Amino acid sequence: MQKRKLIAGNWKMNGRGAAAAALATQIVAGVKKLKDGPEVALCPPFPLLSTVGAALAGSDVTLGAQDCSPHKDGAYTGDTSADMLKDAGCHYVILGHSERREYHKESDDVIARKVAAAHGAGLHVILCVGEKNPSTPDDVKEAILRAQITNGLPECAHAGNTVIAYEPVWAIGSGLTPTNKDIAAAHAMIARLLPERARGLRILYGGSVNDKNAAEILAQPGVDGALVGGASLKAEGFLRIAAGVVRG
Ligand code: PGA
């Protein structure tokens, strides 16, 4: 089955009103020009969702958030529910990013509850998984990915509402990437580890994707798109990454 690739921009904790609107507007204009291009999603921080959402209105570019609460409404100061994200126009939510796992001590159990909350609100989830260390032996890598996938995906997760992003933690923001062969092998490993109901879901690669390496990475077997951090903050480079799918 030929899957439409997904290029998602993870803005992390970056951006301010007017500049964020301008960036989103430039991306919308560039994506419109791509023939047979990938699906493109932008995931700004919470305060920019409505600004970026307004810039994306009427376009094919979808909106995503970077986290949600496992809870519905209520006394959870500082949290944002999945229903609120849906109400704000989000289609996607990134969950289980390594920066959330590390800085907020998110366990697979909490992540699974967030995934369930997101699906309950009708959001599509981009679940991030990946090993921390570049020299992780294959059998250990498999055990890490198996735990993150098995424990992080509740029963409600299936190929129609979930995307996995394979993000080796050591590759994030470091300028380092695994070899193309290692990326293809990790994607094949993840595909094998998926429960039956999630078979065939899209598996993105993330970690130091830029406009120089994207076309080659996106051409690897089993790579169904990319989750792009730093390189998603400049329209020209991000659009070149999206264009790499067309070429690749
Ligand atoms: P990076 O981040 O592209 O800046 O390495 C990717 C991510 O953390 O999703």
Side-chain angles (χ1 to χ4, degrees), residues 5-15 20 23 27 38-46 48-49 52 61-68 90-106 111 114-115 118 123-134 136 144-145 148-149 152 162-180 182-183 186-187 190 201-218 220 223-245 248:
K5 297 203 183 200
L6 169 62
I7 304 296
N10 173 12
W11 288 10
K12 308 194 180 190
M13 198 171 72
N14 293 292
L23 174 56
I27 290 169
E39 181 186 350
V40 173
L42 300 183
C43 305
F46 294 139
L48 293 173
L49 284 174
V52 172
V61 180
T62 47
L63 185 67
Q66 301 171 16
D67 182 38
C68 73
C90 288
H91 179 74
Y92 288 108
V93 60
I94 299 169
L95 292 173
H97 191 281
S98 65
E99 287 150 17
R100 305 278 328 164
R101 292 179 191 263
E102 175 76 16
Y103 306 142
H104 297 270
K105 303 286 169 270
E106 288 191 8
I111 293 163
K114 291 183 173 198
V115 172
L123 293 170
H124 289 235
V125 168
I126 301 175
L127 175 72
C128 301
V129 299
E131 78 284 1
K132 283 190 186 159
N133 197 313
T136 308
I144 293 167
L145 294 173
Q148 290 174 334
I149 290 167
T162 307
V163 174
I164 288 197
Y166 170 59
E167 298 206 310
V169 181
W170 56 271
I172 294 175
S174 64
L176 303 171
T177 56
T179 63
N180 291 330
D182 286 348
I183 291 174
H187 280 236
I190 290 168
L201 57 62
R202 287 182 292 184
I203 304 172
L204 315 183
Y205 169 78
S208 295
V209 173
N210 58 43
D211 56 348
K212 308 277 185 300
N213 61 21
E216 216 179 311
I217 290 174
L218 288 160
Q220 297 310 307
V223 177
D224 303 312
L227 182 56
V228 185
S232 70
L233 296 171
K234 293 241 164 57
E236 306 76 44
F238 186 63
L239 286 166
R240 275 197 292 272
I241 293 172
V245 174

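Because the structure is predicted, anything quoted here is derived from the model rather than measured. Indexing begins at 1, ligand by ligand and atom by atom, following the structure's order.
In this structure, Ser208 counts as a contact residue of ligand 1, since one of its heavy atoms falls inside 4.0 Å of the ligand. In this structure, Gly207 is part of the shell of residues with a heavy atom less than 4.0 angstrom from ligand 1.
Among all protein heavy atoms, the one lying closest to atom 9 (O) of ligand 1 is Glu167 OE2, 2.7 Å. Atom 2 (O) of ligand 1 has its closest protein heavy atom at Lys12 NZ, 3.3 Å. Of the protein's non-hydrogen atoms, the one nearest atom 4 (O) of ligand 1 is Gly230 N, 2.8 Å.
An N or O contact shorter than 3.5 Å is missing between Ile172 and ligand 1 by distance. At least one N or O atom of Gly229, backbone or side chain, sits closer than 3.5 Å to an N or O atom of ligand 1.
Across every non-hydrogen atom of Lys5 and Leu218, the tightest pair is NZ-O, 2.5 Å. When every heavy atom of Tyr92 is checked against every heavy atom of Ala41, the shortest pair comes out as CD1-CB, 3.8 Å. Across all non-hydrogen atoms, the minimal contact from Ile94 to Cys128 is CG2-SG, 3.7 Å.
Inspection of the Glu131 and Trp170 side chains reveals an N or O donor paired with an N or O acceptor under 3.5 Å.
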Step-by-step side chain to side chain contact (heavy atoms under 4.5 Å, CB included) determination, Met13 to Gln66: CA-CA 9 Å; Met13 198 171 72; Gln66 301 171 16; 5.9 Å; no
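Counting atoms of ligand 1 from 1 in the listed order, those under 4.0 Å from a heavy atom of Leu227 are 9 (O). Atoms of ligand 1 found under 4.0 Å from any heavy atom of His97, numbered from 1 in the order shown, are 7 (C), 8 (O), 9 (O).
The proximity of Asn10 to ligand 1, defined as any non-hydrogen pair under 4.0 Å, is limited to the side chain.
Between the side chain of Tyr166 and the backbone N or O of Pro168, no donor-acceptor pair lies under 3.5 Å. Put simply, the side chain of Asn10 never gets that close to the backbone of Gly229: no donor and acceptor are under 3.5 Å apart.
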